[in-house]
Asks: 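Next up is a structure, given as structure tokens.
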Amino acid sequence: MTGINNLPNEILEIIFKSLPLKKVKDIVNYQLVCKRWVNLARYVFKNTFALKQALQKRNLYWEKWQSKNTVSPPARHLHMTTFHKNTMFVFGGSALTLLNDLWAFDMSTRQWRQCFSPESHPSPRPKAWATIVCHEDCLIVFGGSFQGILFKDLHVYNLERNHWMHHEISSPWPPAMADHTATIHGRKMIIFGGNTQKDTSKFRHSFLQPSNDVWTLNLDTFTWQLQETSVNKPSPCIWHYQFHIDDENLLIVGMGAQDMWLLTMTPPVWTWREIRVEAENKFHFRPECKYPACKFGEKLIFVGEHPDRNVDQGIMENYMSAIFICDLSHVFDAVDPYAKWLEPRKECVFPGAPFYSENSSLVVCKNTGQMLFFGGFGAQKPNTDEYLANNNLYFIRPFQNL
């Protein structure tokens, strides 16, 4: 212990934070080492424990963040969001027009800043329906669409150098796509599904068609490969979610709660396995791509529309944001793997919930045990049928007294 205790607090915090969630129970053993470890362990794991328990008991509340300065991103929806360390990054999206900017929200300072690169720029074409993921100290943006045109651009933003890099298209390379999903597994980025643009030169036009292809990007060489998978697989889809389970497994959740697939990425042929979905009661939630979602531990968290809203009123402001939780603790069962939607507490609307916002984003900062809900559109423009985008930022927190 003499060697590790010579490390500064910042390094020990990183080591503690890197531990898998299933091992946080070891905090009791860490606290036996010395007083310094007691304080560090409590600081690192306090919020993680609280969020884990709150998700199990469905004891959460919303808190709208009020910025202390005037710097904040423009209102938007259909944007892309990811986390790196203690910072949330937001790229692109749409408001009155499509956007092509990168913003960062620092969880330590609780402040927004725009990421300007003096010598480089992202794609000259703004985009929505792209994907953004974080690998080491880089953000990776792929695909997207603009006014019905799909892109196959790959852009990498180096956070340390504050610099955009653009990789040339080579062969093989995925087709132009949007509405796809992406996750990082080891040193690969995995792309699934989405809309692709099929050329029909004979008829002098092109049309969109959904895909169920799996593409991998080697993050050392930045080369692509179309991955062979088992015959039994999900249907081609555009409205779906993709979640990282571990380095060898990812989960695809389709439009309906009954459509869930586990992909095991072991060579040579990757294997799909359909996961049965059940619920604690008759409650049934059908996620769509307009609903934001994230994963924390063995729970999927979705923010959707209040299930008991009055559809006859037809006023968007009456639609409250509701939280739905799916338990994944049995997806690896050998005989009958399944996922379970947990019974919602108090109709799943928690204190402080905003009016429902479509095409917003939901991300979780694992280091602080807090979820962030950003943007979307939901407020109706007065005397019109138009809905306004917003740049509201909410924290979804555990009740402190539970």
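FYI, side chains are in, hydrogens and waters are out, and symmetry mates aren't considered; it's all heavy atoms of this structure. If you're wondering where the values come from, they're calculated on a predicted model, not measured in any experiment.
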Asks: Side chains of His244 and Asn249: donor-acceptor distance under 3.5 Å anywhere?
Replies: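 No, no side-chain donor-acceptor contact under 3.5 Å.
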
Asks: Is the distance between the ring centroids of Trp112 and Phe374 less than 6.0 Å?
Replies: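 Between Trp112 and Phe374, the centre distance is under 6.0 Å.
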
Asks: Is it true that Thr183 and His185 share a donor-acceptor pair across their side chains at a distance under 3.5 Å?
Replies: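 Short answer, yes.
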
Asks: So, Phe302 versus Tyr241, ring centres under 6.0 angstrom or not?
Replies: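 Phe302 vs Tyr241: aromatic centres under 6.0 Å.
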
Asks: Take atom NZ in Lys299; do more than 12 heavy atoms of anything else shown fall under 6.0 Å from it?
Replies: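 It does: Lys299 NZ has more than 12 such atoms within range.
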
Asks: For a 4.5 angstrom cut-off between non-hydrogen side-chain atoms, does Lys127 reach Asp153?
Replies: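 Counting from C-beta outward, Lys127 and Asp153 do come under 4.5 Å.
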
Asks: Measure across Ala389 and Arg76 and return the closest heavy-atom pair with its distance rounded to 0.1 Å.
Replies: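 Closest heavy-atom pair between Ala389 and Arg76: CB-N, 3.7 Å.
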
Asks: Using the ring centroid of each side chain, check whether Trp164 and Phe91 are separated by less than 6.0 Å.
Replies: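 Yes, the ring centres sit under 6.0 Å apart.
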
Asks: Nearest 0.5 Å, what's the CE-CD1 distance between Met165 and Ile140?
Replies: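 These two atoms lie 8.5 Å from each other.
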
Asks: Would you say His77's side chain and Ser94's backbone share a donor-acceptor pair under 3.5 angstrom?
Replies: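 Such a contact is found between His77 side chain and Ser94 backbone.
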
Asks: Indicate the atoms forming the closest heavy-atom contact of Phe116 with Gln114, along with that distance.
Replies: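 In terms of heavy atoms, the two residues are closest at CZ-OE1, 3.1 Å.
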
Asks: Please answer whether the main-chain N or O of Lys188 pairs with a side-chain N or O of His135 as donor and acceptor at a distance below 3.5 Å.
Replies: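 No; zero donor-acceptor contacts below 3.5 Å.
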
Asks: Report yes or no: do Ser329 and Asp327 form a side-chain donor-acceptor pair below 3.5 Å?
Replies: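 A pair is found: one side chain offers a donor N or O, the other an acceptor, under 3.5 Å apart.
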
Asks: Assess whether a salt bridge exists between Asp247 and Arg187, defined as any Lys/Arg side-chain N lying under 4.0 Å from an Asp/Glu carboxylate O.
Replies: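 Result for this pair is no, no salt bridge flagged.
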
Asks: So do the side chains of Asn86 and Cys365 get within less than 4.5 Å of each other, counting heavy atoms only?
Replies: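 Contact flag for Asn86/Cys365 side chains = yes.
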
Asks: Examine distances only and state if a side-chain atom of Asn212 and a backbone atom of Pro234 form a donor-acceptor pair shorter than 3.5 Å.
Replies: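 Yes; judged by distance alone, with no hydrogens or angles, the pair exists.
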
Asks: Ring centroid separation for His180 and Phe142, is it under 6.0 angstrom?
Replies: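 Ring-ring flag for His180/Phe142: true, centres closer than 6.0 Å.
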
Asks: Is the side chain of Asn390 donor-acceptor paired with the backbone N or O of Gly376 at a distance under 3.5 Å, no angle test?
Replies: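 Yes, because the side chain of Asn390 sits within donor-acceptor range (under 3.5 Å) of the backbone of Gly376.
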
Asks: Quick one: do the Asn218 and Thr223 side chains pair a donor with an acceptor below 3.5 Å?
Replies: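 Per modelled atom types, Asn218 and Thr223 side chains form no pair under 3.5 Å.
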
Asks: Okay, side chain of Gln242, backbone of Ile190: is any donor-acceptor separation there less than 3.5 Å?
Replies: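 Yes, Gln242 side chain to Ile190 backbone: donor-acceptor pair under 3.5 Å.
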
Asks: Tell me, do Leu251 and Leu328 make a side-chain contact under 4.5 Å, heavy atoms counted?
Replies: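 Yes - at least one pair of side-chain heavy atoms lies under 4.5 Å apart.
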
Asks: Between Glu274 and Arg276 (salt bridge meaning N to carboxylate O under 4.0 Å), is one present in this structure?
Replies: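 No, this pair does not count.
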
Asks: Side-chain contact test, heavy atoms from C-beta onward, threshold under 4.5 Å: evaluate it for Ser170 versus Phe222 and give yes or no.
Replies: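 The answer is no, as the side chains (C-beta and beyond) never meet within the 4.5 Å cut-off.
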
Asks: Determine whether the aromatic ring centres of residues Trp62 and Phe373 are separated by less than 6.0 angstrom.
Replies: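 They qualify: ring centres under 6.0 Å apart.
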
Asks: Tell me, do Ile301 and Leu55 make a side-chain contact under 4.5 Å, heavy atoms counted?
Replies: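 The answer is yes, as the side chains (C-beta and beyond) meet within the 4.5 Å cut-off.
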
Asks: Does this structure show an ion pair linking Arg113 with Asp106, if we count only N-O contacts that are shorter than 4.0 Å?
Replies: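 No.
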
Asks: May I ask you to decide if Thr266's main-chain N or O and Thr264's side chain share a donor-acceptor pair within less than 3.5 Å?
Replies: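 Between the backbone of Thr266 and the side chain of Thr264 there is no qualifying donor-acceptor contact (under 3.5 Å).
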
Asks: Between Tyr291 and Trp239, is the ring centroid distance below 6.0 Å?
Replies: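 Not under 6.0 Å, so no.
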
Asks: Quick check against the 3.5 Å criterion: does Asp333 have a side-chain atom that pairs as donor or acceptor with the backbone of Val335?
Replies: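 Not confirmed, Asp333 side chain does not pair with Val335 backbone.
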
Asks: Quick one: are Val364 and Leu51 in side-chain contact, heavy atoms under 4.5 Å?
Replies: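 A side-chain contact under 4.5 Å exists here.
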
Asks: With a 4.5 Å limit on heavy-atom distance, are the side chains of Met260 and Ile252 in contact?
Replies: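 No, too far: nothing below the 4.5 Å cut-off.
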
Asks: With no hydrogens and no angle check, is any side-chain donor or acceptor of Thr196 less than 3.5 Å from a backbone partner on Met177?
Replies: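 Here the side-chain-to-backbone pair does not exist.
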
Asks: CG/Leu263 to CH2/Trp272 distance, rounded to the nearest 0.5 angstrom?
Replies: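 One finds 4.5 Å between CG of Leu263 and CH2 of Trp272.
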
Asks: Any idea which heavy atoms bring Leu78 and Met80 closest together, and the distance?
Replies: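 Scanning both residues, the minimum pair turns out to be O-SD, 3.7 Å.
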
Asks: Taking Gly297's backbone N and O only, do any of them form a donor-acceptor pair with Lys295's side chain (distance below 3.5 Å, no angle check)?
Replies: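 Here the side-chain-to-backbone pair exists.
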
Asks: Using the rule side-chain contact (heavy atoms from CB on, under 4.5 Å), only one of His166, His163, His167 pairs with Val156; which is it?
Replies: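 The side-chain contact (heavy atoms from CB on, under 4.5 Å) with Val156 is passed solely by His167 among His166, His163, His167.
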
Asks: Side-chain contact test, heavy atoms from C-beta onward, threshold under 4.5 Å: evaluate it for Phe89 versus Cys134 and give yes or no.
Replies: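 Sidechains of Cys134 and Phe89: no contact.
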
